[in-house]
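The block underneath contains the structure these notes are about, expressed in structure tokens.
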Amino acid sequence: MNAMAHALPTMAPALDVSTLTQFVDPLPIPEIAQRQGYRPSPTDRKLSVPFYRIQAQPIASKVHRDLPPTRFWSFGSSTPGPTFETRSGESLLVEWVNALPSEHFLPMDHTIHGAEADKPAVRTVVHLHGAKTGPESDGYPEDWMVPGKSSLYYYPNQQDAAMLWYHDHALGINRLNVYAGLLGAFFIRDGVEEALNLPKGKCELPLILYDRLLTRDGQLLYPVSPDPQAPWVPEIFGNAILVNGKLFPYLDVEPRRYRFRVLNASNARFYNLSLASDVPFHQIGTDQGLLPTPVPLTSLEIAPGERADLVVDFSEHLGAQLVLKNDAFIVMQFRVSAKKVTETSSLPPALRPVLRIPESRAVQTRLLTLDEYVNKAGNPVMLLLNASHWKMPATEKPVLGSTEIWTLINPTNDSHPIHLHLVRFQILDRQPYEPWLFQTKRELHFLGPPELPDPNEAGWKDTVRAHSKMVTRIIVPFEGFAGRYVWHCHILEHEDNEMMRPYEVIAAV
Ligand code: C2O
Ligand code: CU
Ligand code: CU
């Protein structure tokens with residue numbers, strides 16, 4: 001089928017969000033996932049582990065008081081889906097169920113690899129982003145299931161406390177399924193984190209941010225480019241920024257410290273978040289857990305896939321109304337009560353040590369390019385990693401237990417958030433280079449000194465911003481499991497077309 005035929009419903013007029021009254025809806029907090037009992041552990045049948053059953057299904061949900069309900073697909077009865085709460089070392093099982101209808105409600109682009117017209121329109125597979133999970137439970141993009149099917153996934157959770165998130169990962173339609181609402185948060189806790197006495201309970205909240213393009217009647221639009229050779233849009237930017245599924249929500253807070261677990265779950269939008277009027281805050285953790293020390297900030301840059309663990313102290317703002325902004329745009333409001341309270345939480349000066357991995361530990365350095373291809377009209381038709389298609393055999397085959405340096409070379413005009421499944425890594429540096437020399441002679445000619453990662457990136461990461469015209473180096477210990485995984489750009493439009501590659505962890509002999 002011609003992609004343009006599907007484009008028609010997306011011609012509906014877009015909502016002018018400036019016509020909506022701000023701060024009329026309280027910030028929703030996704031419910032905590034409830035286990036359905038216990039099941040034998042797949043690694044030791046004598047043990048039983050908590051069992052959850054989560055269903056991907058269509059729902060209607062109001063994103064704003066004055067808009068009709070929006071059609072979404074969600075895990076469970078809300079989007080974001082239920083939040084998992086678990087502890088390091090405590091494994092669990094999830095049966096992910098596809099209870100979606102047989103037709104997609106967003107426009108399919110059959111020119112995209114993996115989404116050809118002979119593939120079922122509705123497919124889903126769930127990946128737990130940031131988890132050290134066996135390959136059979138990692139949500140390999142080709143392991144999708146059709147409506148009526150389910151998959152039982154095992155999560156060992158043998159890793160440090162962190163905010164992970166689960167989301168759809170189906171080949172060729174990942175961007176549509178996540179956009180439809182198939183995502184949720186997953187927290188791992190541990191004793192190191194608990195000993196710090198950070199804000200908790202009602203003072204610790206997820207802030208899951210994603211933008212959506214809404215029609216005047218509040219429905220999701222997913223645009224299709226008018227270029228028939230490239231109906232795919234290379235990035236989608238919405239007119240509405242939702243927080244936990246609401247547009248312009250407000251949150252009543254007490255004048256004390258709060259811990260906000262921020263996730264950028266957008267398809268393509270990078271955020272530059274700040275509190276009006278530059279109220280300072282601290283970042284205490286990144287993708288894979290706590291930073292060594294709190295980092296004072298007045299603004300936070302966060303790319304798709306990344307997480308930031310923030311502590312905001314409202315104690316000096318009795319009775320004030322503070323807005324959270326993305327650049328100049330208002331995202332949400334904090335209403336600080338005027339009644340003084342006693343602070344019971346702390347913000348310790350030292351959090352969790354992160355030992356820097358010496359470069360000498362790396363047994364291999366891989367030069368990997370991020371490539372963009374444009375057609376005659378100048379529209380991007382495809383993006384690749386290392387000039388390789390998804391279907392080509394895996395070329396990155398690290399040995400289990402070894403450490404490698406991955407050198408990401410970005411000649412494109414975009415910053416790409418590059419994510420590796422299974423592992424956590426550290427950012428070594430970023431360095432400007434001369435793209436033309438590399439393209440023609442494969443010579444790396446640097447145009448400036450290497451720049452160390454920002455202090456709030458100097459922890460364990462699983463997603464790194466590889467900036468335009470820069471070489472970004474990460475050092476990666478491959479630990480946990482052997483098997484087939486993926487690495488990709490977390491701009492979901494890029495990932496689908498086809499900025500994603502398999503990689504294989506080889507068992508040590
Ligand atoms: Cu958050 Cu492979 O993804
Ligand atoms: Cu992942
Ligand atoms: Cu990208």
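All residue numbers in this chain count up from 1 along the given sequence. Read the numbers this way: they start at 1 and go in the same order the structure lists the ligands and their atoms. Computed from a prediction, not measured in an experiment: that's the story for all the values here.
- Applying the side-chain hydrogen bond (donor to acceptor under 3.5 Å, both in side chains) criterion to Ser299, with sequence neighbours excluded, gives no partner residue.
- Between the side chains of Glu495 and His488, at least one donor N or O sits under 3.5 Å from an acceptor N or O.
- Here 3 is the count of protein N, O or S atoms positioned under 2.8 Å from atom 1 (Cu) of ligand 1, waters not counted.
- Protein N/O/S atoms found under 2.8 Å from the Cu ion (ligand 2): His127 NE2, His419 NE2.
- Defined by atom type and a distance below 3.5 Å, a donor-acceptor pair is present between the side-chain atoms of Thr124 and Asp168.
- Note on Arg465 versus Glu301: salt bridge recorded, some NZ/NE/NH1/NH2 to OD/OE distance being below 4.0 Å.
- Applying the ring pair (Phe, Tyr, Trp, His ring centres under 6.0 Å) test to Phe270 and every residue at least two apart in sequence or in another chain returns nothing.
- Between Glu193 and Arg189 there is a salt bridge, since a side-chain N of the basic residue sits under 4.0 Å from a carboxylate O of the acidic one.
- For Glu142 and Lys391, the salt-bridge test passes: some basic side-chain N is under 4.0 Å from an acidic carboxylate O.
- With no hydrogens or angles considered, a side-chain donor-acceptor pair links Asn177 and His104 at under 3.5 Å.
- With atom 2 (Cu) of ligand 1 as vertex, His488 NE2 and His421 NE2 subtend 110°, rounded to 10°.
- Residues Arg501 and Thr395 have side chains in contact (heavy-atom distance under 4.5 Å, counting atoms from C-beta outward).
- Side-chain contact check for Ser415 and His467: at least one donor-acceptor pair (N or O, by modelled atom type) lies under 3.5 Å.
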